[in-house]
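Letters go in sequence order (proteins before strands), and every chain restarts at 1.
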Amino acid sequence: MSELPKAYEPQAVEKQWYSAWQENGCFHADTSSEKEGYSIVIPPPNVTGILHLGHVLNNTIQDILARRARQQGKEVLWLPGTDHAGIATQTKVERQLREEEGKTRRDVGRDAFLDRVWDWKEKHGGIIIQQLKRLGCSCDWDRERFTMDEDYSGWVAKVFTDLFNEGLIYRGKRMVNWCPVSLTALSDEEVIMKPQNSKLYFMKYELVDAPGEFLEISTTRPETLMGDSAVAVNPKDERFASYIGRKVRRPFPEAEIEIIADDHVDVEFGTGALKITPAHDKADFEIGQRHGLEIIDVIHADGTINCPDCPDLDGLDRFQARRKAAAKLEEMGLLIRIEEYENNVGYSERADVPIEPRISMQWFLKYPCVKEAVDAVADGEITFRPARWAKTYAHWLENIQDWCISRQLWWGHQIPVWYRKEKVDALQGAESLDVSNLEAGDIYVSAEPPSDPENWVRDEDVMDTWFSSWLWPFATMNETERGKFYPTTDLVTGPDILFFWVARMIMAGYRFEDELPFKNVFFTSLIRDSQGRKMSKSLGNSPDPIDLMDEYGADGLRFGLLRTAPVGTDVRFDEQLVAEGRNFANKLYNACRFRQMSGDAAEVSGQLPVISRLRPYHIDIATKLDHLAENLEKSYSDYRFNDVGQQLYDFLWSEFCDKFLEAVKGDLRDTASAEARETTLAVFDAVMSRYLQLLHPYMPHITEELSARMGYVQDGAFLMEKTYPSDALISGEDAAASQAEAIYATAGRMRNLKAEYNVAARKDVKFIIIKAEPWLTAETDVLGLLAGGEIEILTAYEAPKGTPAAVTDVGEVYLPLEGLIDVEAEKSRLDKEIAKVASEVTKCDAKLGNAAFVDRAPAELVDREKARRDEWSQKLGQLQEMRASLG
RNA sequence: GCGCGAUUAGCUCAGGGGUAGAGCGCAUGCUUCACACGCAUGAUGUCGCAGGUUCAAAUCCUGCAUCGCGCACCA
């Protein structure tokens with residue numbers, strides 16, 4: 001046992017223990033272990049990512065689960081890794097290339113560009129991993145994976161091939177969500193609807209067969225007018241019945257387009273007439289399909305206008321073109337008016353620009369094992385917490401759309417499809433190659449490249465990053481590892497990726513491993529700032545967790561965040577929480593420092609001394625420690641991490657320090673007997689050594705540090721590897737424990753008295769207790785809790801008139817104060833107290849006088865009410881007696 | 001539009017048919033020999049609104065309001 005430094009300095013301590021754990025293989029999972037397996041796969045952060053508070057919350061929870069599982073004697077695998085994050089990573093490297101060399105990726109070419117991304121990944125990619133280590137995450141770093149590792153890539157290609165052969169993956173020309181900045185298709189999940197303050201343009205098209213007569217149309221997108229191939233009205237709309245089948249004149253480029261009838265058109269909206277642009281709107285596309293309309297593409301991939309017939313618009317950005325088109329209409333006298341209008345516009349999640357619906361050739365997946373995935377959660381084979389997410393999950397799966405899995409990027413898993421060279425050459429590129437029309441010999445789909453590569457051209461696209469992520473729970477493991485650790489036990493993730501990731505993993509698990517990928521899913525809260533706003537870079541309201549750890553320690557950050565993180569609702573983050581975590585660590589540290597300053601125990605056995613040597617305080621704290629362990633068990637089983645944190649906090653601060661330590665302080669003074677000292681130290685050690693274990697998952701570093709310094713863990717051993725004892729520390733001593741409670745309550749009343757008479761700071765006051773409980777023998781018992789003074793226990797006492805007094809759980813307490821006694825003040829104080837107690841008695845009486853209550857409420861409840869009434873009225877009697885003695 | 005949350009002390013949040021809780025903040029007093037990242041004491045609430053069920057509702061039910069989220073969308 002070495003001496004503790006004066007103040008707790010987490011930074012050095014945390015670093016040192018983390019290294020020690022790593023060097024000693026504490027995080028390593030042994031596949032040949034006899035122990036029961038427990039596993040978590042980390043939600044792989046983007047390889048380009050840096051740690052934010054969401055990661056802190058999420059990974060701390062995983063670490064807590066992992067460390068607790070180890071304490072329960074399980075063999076734990078927490079499998080870490082990172083995600084290649086296609087668009088995000090490629091964008092970063094492209095930006096660097098542009099800024100430093102003024103080049104685009106096409107300037108350097110595909111292979112050279114990919115080399116640069118790999119270089120970039122090697123150089124900057126590990127930041128978040130280092131940050132997770134700083135946080136104390138007990139991941140098995142020997143097994144760190146990356147979604148573009150060779151083995152992992154093999155899985156991705158194999159899965160693609162299997163699903164292709166099964167007919168679930170197909171290529172086709174479809175309306176997709178196109179990001180004009182990233183220049184790639186996106187899945188529906190990557191589109192975020194945002195309300196916009198837009199304008200609704202009312203314009204008119206002239207009827208071809210009736211010059212001077214117009215059809216009024218409303219639109220938010222006049223810039224797509226050149227792509228209109230019809231105007232639609234609702235067939236039930238009487239206003240337009242006579243228009244159907246006639247033609248109107250599209251103003252530019254001038255053309256005659258038909259007025260068609262389609263149910264899709266909302267009679268109520270705008271003018272009731274809808275311009276149809278099949279190339280640039282999903283609904284219009286469908287209408288176009290129904291009516292066999294021409295598809296006129298007037299927008300380039302980058303969002304600029306593609307319309308050589310309108311030179312003044314051609315090449316303009318789509319938003320510039322919108323204003324220009326409106327101006328043109330106005331010039332032509334065809335613009336009626338413009339209204340302010342709020343609508344929802346889909347934005348690219350990554351580039352944060354409006355999506356352009358665009359027809360292009362893409363690969364799609366019809367999801368496998370949808371039914372199994374729905375059933376797994378519905379039947380409770382997979383448990384969601386909070387459970388309500390199950391509904392959202394089921395709803396999504398029941399309305400599931402095919403997944404656009406191809407991306408027009410370079411960084412990612414390239415589609416393992418090759419086309420016969422002649423076919424591609426004939427079409428001048430594979431882009432428009434219709435796979436469904438290819439002969440079997442003209443397409444090659446395999447995880448292995450063709451043996452005669454010179455005859456083939458590979459599909460240029462890569463797959464959506466999530467098409468690799470969805471394999472994460474099993475593609476990260478080899479066969480032996482899967483044997484021991486698959487399916488995994490818990491998955492901890494944010495509800496924002498329920499569709500992106502969780503649902504897809506479940507389907508992939510069933511399809512490729514014939515089994516669910518995890519048994520429990522815990523959805524973490526979303527962290528907001530103290531004003532309830534989302535954390536975002538642009539708002540600058542997202543504190544850097546590393547700064548917080550520098551200031552408060554990783555343990556402080558973990559504990560502060562977890563203690564108040566509610567389950568199922570958003571968390572409002574305030575740095576004050578982290579400060580509280582740091583303060584808590586300091587409190588714990590000082591409690592241990594205090595004990596250490598009081599000398600060594602003969603031997604740290606972790607066991608309590610024999611019962612006969614224990615005083616109520618000892619028994620009480622040991623009992624409470626056992627209760628704490630039980631209650632934590634309950635809270636953990638419900639994944640109520642905030643509850644666990646709060647209980648750990650209350651035990652140490654309120655029960656252990658405020659009550660127990662204050663009560664037994666006297667035992668540790670030089671004046672105390674050797675036996676008293678030894679007993680108290682032994683109790684301290686027995687309780688604290690277990691408490692440190694209970695706290696360990698939340699504050700791994702400080703608990704490991706203190707356990708070592710206090711001698712609770714032998715040299716060379718680690719707290720994190722110790723199994724929590726299965727036996728209780730103490731049992732069947734509830735009576736003694738409640739005596740301690742009574743004394744604490746009494747001491748509280750006595751402090752009240754001192755405070756009320758402004759003698760709180762004085763140490764020379766003397767209390768007198770009469771009618772004491774028979775077990776209250778040692779009058780010094782209460783003293784430590786009073787910070788000085790003297791106590792005398794008498795069987796009878798004639799208090800001077802006006803002596804401050806109170807009725808407590810152990811008897812009547814008097815505070816004789818020479819020269820301070822004011823009879824009138826005491827009378828009024830007692831009157832106030834009497835009124836309070838009397839009102840309690842009245843309340844009880846009223847309740848007991850209510851026949852309905854007595855007859856119908858459970859007997860147990862009525863008895864409790866009676867006991868309460870008796871207690872209060874006894875108190876009332878005593879108080880009235882005291883009051884009477886004052887005259 | 002459909003669905004899901006939230007609404008409790010000044011703030012952040014627990015709780016949950018039977019005496020309203022914590023931390024912070026606030027007020028007052030403490031350089032008490034572990035800790036001022038501390039100790040003690042104290043003040044503070046029509047538990048969003050309106051109905052209903054019940055002996056009893058902050059808690060359960062039904063509406064409503066406000067805030068937030070998800071899904072679907074009318075150009």
Please evaluate the base of [N] for a donor-acceptor partner in the side chain of [X] within a cut-off of under 3.5 Å?
| X | N | answer |
| --- | --- | --- |
| A:Asn344 | B:C73 | yes |
| A:Glu662 | B:A34 | yes |
| A:Lys587 | B:C37 | no |

For A:Val267 and A:Trp653, take the nucleotide of RNA chain B holding the closest heavy atom to each; which residue's nucleotide lies nearer the 5' end?
A:Trp653
Which residue, A:Ala585 or A:Asp574, contacts RNA chain B at a nucleotide closer to its 5' end, judged by nearest heavy atom?
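The answer here is A:Asp574.
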Select one nucleotide: of [options], the one nearest the side-chain heavy atoms of [X].
| X | options | result |
| --- | --- | --- |
| A:Phe499 | B:C35, B:C71, B:A14 | B:C71 |
| A:Ala857 | B:A14, B:G18, B:U41 | B:G18 |
| A:Glu840 | B:C71, B:U19, B:G18 | B:U19 |
| A:Arg751 | B:C74, B:A40, B:G18 | B:A40 |
| A:Asn752 | B:G42, B:A75, B:C74 | B:G42 |
| A:Asn590 | B:C35, B:A14, B:G5 | B:C35 |
| A:Arg669 | B:C4, B:G18, B:C33 | B:C33 |
| A:Asp650 | B:A22, B:A75, B:A34 | B:A22 |
| A:Thr392 | B:A34, B:G70, B:C37 | B:G70 |
| A:Glu580 | B:A75, B:A22, B:C24 | B:C24 |

Using the [atom1] atoms only, state how far [M] lies from [N], rounded to an integer number of Å.
| N | M | atom1 | answer |
| --- | --- | --- | --- |
| B:G21 | B:U8 | C1' | 10 Å |
| B:G45 | B:C30 | P | 28 Å |
| B:C37 | B:G42 | C1' | 23 Å |

Could you tell me whether [X] contacts a base, only the sugar-phosphate backbone, or nothing, with contacts defined as non-hydrogen atoms closer than 4.0 Å?
| X | value |
| --- | --- |
| A:Asn850 | sugar-phosphate |
| A:Pro495 | nothing |
| A:Asp658 | sugar-phosphate |
| A:Asn343 | sugar-phosphate |
| A:Arg640 | sugar-phosphate |
| A:Lys843 | nothing |
| A:Val265 | base |
| A:Cys657 | base |
| A:Tyr341 | sugar-phosphate |
| A:Ala579 | nothing |
| A:Thr219 | sugar-phosphate |

Any side-chain N or O of [X] below 4.0 angstrom from OP1/OP2 of [N]?
| X | N | answer |
| --- | --- | --- |
| A:Arg572 | B:C13 | yes |
| A:Lys391 | B:C4 | yes |
| A:His264 | B:A75 | no |

Polar side-chain atom of A:Asp667 near backbone of A:Arg677 as donor-acceptor pair, under 3.5 Å:
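Such a contact is absent between A:Asp667 side chain and A:Arg677 backbone.
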Is the closest side-chain donor-acceptor distance between [X] and [Y] under 3.5 Å?
| X | Y | result |
| --- | --- | --- |
| A:Lys275 | A:Ser218 | no |
| A:Asp188 | A:Asn177 | yes |
| A:Glu662 | A:Tyr617 | no |
| A:Trp501 | A:Glu189 | no |

Within 45° of the ring axis of A:Phe384 and under 6.0 Å from its six-membered ring centre, is that where the NZ or CZ of A:Lys391 lies?
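No cation-pi geometry.
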